[in-house]
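Indexing begins at 1, ligand by ligand and atom by atom, following the structure's order.
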Amino acid sequence: MSEAVHHAVAVLRAGGRVALPTETVYGLAADAANPHAVARVFALKGRPATHPLIVHIADAAALNQWAVDIPAGARRLAEAFWPGPLTLILKRQPQVLDAVTGGQDSVGLRVPAHPLALAVLAEFDGGIAAPSGNRYGRVSPTTADHVREEFGDTVDFILDGGPCRLGIESTIVSLLGEHPVLLRPGAVTPGALAEVLGRPVRMPDGTRAVVRAPGSDAAHYAPRTPAQCVESQQLAAAVAAARSEGPVALLHYSALDETLAEQLVARDMPAQAHDYARQLYAALRWADSLGVACLLIELPPADEAWLAVRDRLSRATRSV
Ligand code: TXA
Ligand code: MG
């Protein structure tokens, strides 16, 4: 195994913080069994102590070390989607640190599908607590450079695994209650979960998960630039209004009218949801780098394939 992986493991064992590549986004990793290491992650992120961290484990066999009363559905989901972008919320083992779970009786668990993350987990031989490697409320990092821009040398080691393949955070599903509940949409869709579970998953408000993401209580995954989602047909009017405030940037995926293109800085985004997701956070960072007064985002279609992207856009703009 590579020197970089050995070094990452040594830093984790010593209670340090490692930026860890996963297939979704980069995580800010620490030994999930070391309260001081976990506290240092919260401190660096500026994250409220009540927000629990996901524990990354090497494989589904490690589930029993972290969770109890594991329902059959959880095991089926693990079998179907791990390693992969799915986090399961389960009843925790009593010894799981309160610092990790935010004092809750549950724990979030996932096996990431990135060769370097899996190599670190195999050698570390324990759970790795890792929130996304960004300051609280900001856009998640999808490259090692994003982590460097965010934290500089305050991270003990950055394990560079290249750009993240998926680009947005894992799907989170709670299996604590009678019905499975989708807490965060991601690359694993409600339909894919339902197929494995043999029944639909619900949204936190009790409705069936179909297309729309829940409204968010907090601005999250947000660029610094004020951002707004706009329906395709309303773009021209929105650009005219926004330009009165200053220079405008636009993320669009449908063909752009030439006269409109001359009035702003445009970034052509993929018209396919997975490709769009992979580029989304880099595009939000790009918009911030322009120093424009406003970022307009053409609203993607309202079908299930776009659920996770629309969820992140709603949190970035609080407007969907
Ligand atoms: O793709 C991902 O999930 C990335 C990579 C690094 O694995 N991680 C990530 O972590 O997005 P973070 O901390 O940025 O988001 C984790 C979310 C938080 O919103 C947290 O509230 C929720 O998971 N969570 C963790 N444990 C939970 C629990 N026991 N009950 C409810 N929500 C939980
Ligand atoms: Mg995060």
Nearest protein heavy-atom contact for atom 29 (N) of ligand 1: which residue, which atom, what distance?
Ser106 OG, 2.9 Å
Can any side-chain N or O of Arg278 pair as donor or acceptor with the backbone N or O of Arg165 at less than 3.5 Å?
yes
CD1 of Ile54 to OG1 of Thr87, rounded to nearest 0.5 Å, is 3.5 Å
Residue portion contacting ligand 1 (non-hydrogen atoms closer than 4.0 Å) for Glu169:
both
Numbering as shown, the atoms of ligand 1 that approach Thr24 to under 4.0 Å (heavy-atom distance)
1 (O), 2 (C), 4 (C), 5 (C)
In ligand 1, which numbered atoms sit nearer than 4.0 Å to a non-hydrogen atom of Pro131?
10 (O), 12 (P), 13 (O)
Could you check whether any heavy atom of Ile54 sits closer than 4.0 Å to an atom of ligand 1, since that is the contact criterion I want to use?
yes
Nearest heavy atom to atom 10 (O) of ligand 1: which of Pro52, Ser132, Ala129 does it belong to?
Ser132
Could you tell me whether Tyr26 and ligand 1 have an N or O pair separated by under 3.5 Å?
no
Separation of Ser174 OG from Leu182 CG (nearest 0.5 Å)
10.5 Å
Applying a heavy-atom cut-off of 4.0 Å, say which part of Val107 lies close to ligand 1: side chain, backbone, both or neither.
backbone
Out of all atoms in ligand 1, which are within 4.0 Å of some heavy atom of Ser170? Include the element for each.
1 (O), 2 (C), 3 (O)
Taking side chain to side chain contact (heavy atoms under 4.5 Å, CB included) as the criterion, tell me which of Ser132, Ser140, Cys164 meets it with Tyr26.
Cys164
Selected option - heavy-atom contact closest to atom 8 (N) of ligand 1, from Ala130, Gly167, Pro141
Ala130
For Gly27, take its heavy atoms, then give the atoms of ligand 1 lying under 4.0 Å from any of them.
6 (C)
Should Asn134 and Val139 count as side-chain neighbours, where that means a heavy-atom distance under 4.5 Å?
no
min-distance protein heavy atom vs atom 17 (C) of ligand 1 -> Ile172 CD1, 3.5 Å
Test: Arg267 cationic atom under 6.0 Å from Trp286 six-membered ring centre, within 45° of axis:
yes
Please state which protein non-hydrogen atom is closest to atom 32 (N) of ligand 1 and give its distance, to 0.1 Å?
Ile89 CD1, 3.9 Å
Value for OG1 (Thr101) from NZ (Lys91), rounded to nearest 0.5 Å, stands at 12.5 Å
Looking at ligand 1, would Arg92 count as a contact under a 4.0 Å heavy-atom criterion?
no
Separation between CD1 of Ile168 and CG of Leu280, rounded to the nearest 0.5 Å:
7.5 Å
Could you tell me whether any N, O or S atom belonging to Ser132 is less than 2.8 Å from the Mg ion (ligand 2)?
yes
Within a distance of under 4.0 Å, is there any protein heavy atom near atom 19 (O) of ligand 1?
no
Backbone, side chain, both or neither: what part of Arg47 comes under 4.0 angstrom of ligand 1, heavy atoms only?
side chain
Closest approach of any protein heavy atom to atom 7 (O) of ligand 1, naming residue and atom
His56 NE2, 2.6 Å
Drop me the distance from Lys45's NZ to Arg40's CZ, to the nearest 0.5 angstrom.
15.5 Å
Would you say His146's side chain and Thr142's backbone share a donor-acceptor pair under 3.5 angstrom?
yes
Using a 4.0 Å heavy-atom cut-off, say whether Arg184 meets ligand 1 through its side chain, its backbone, both or neither.
side chain
Taking only residues two or more places apart in sequence, or in another chain, which ones meet Asp145 in a salt bridge (charged side-chain N to carboxylate O under 4.0 Å, His left out)?
Arg148
Just how far is it from atom CG of Asp31 to atom CZ of Arg17, taken to the nearest 0.5 Å?
14.0 Å
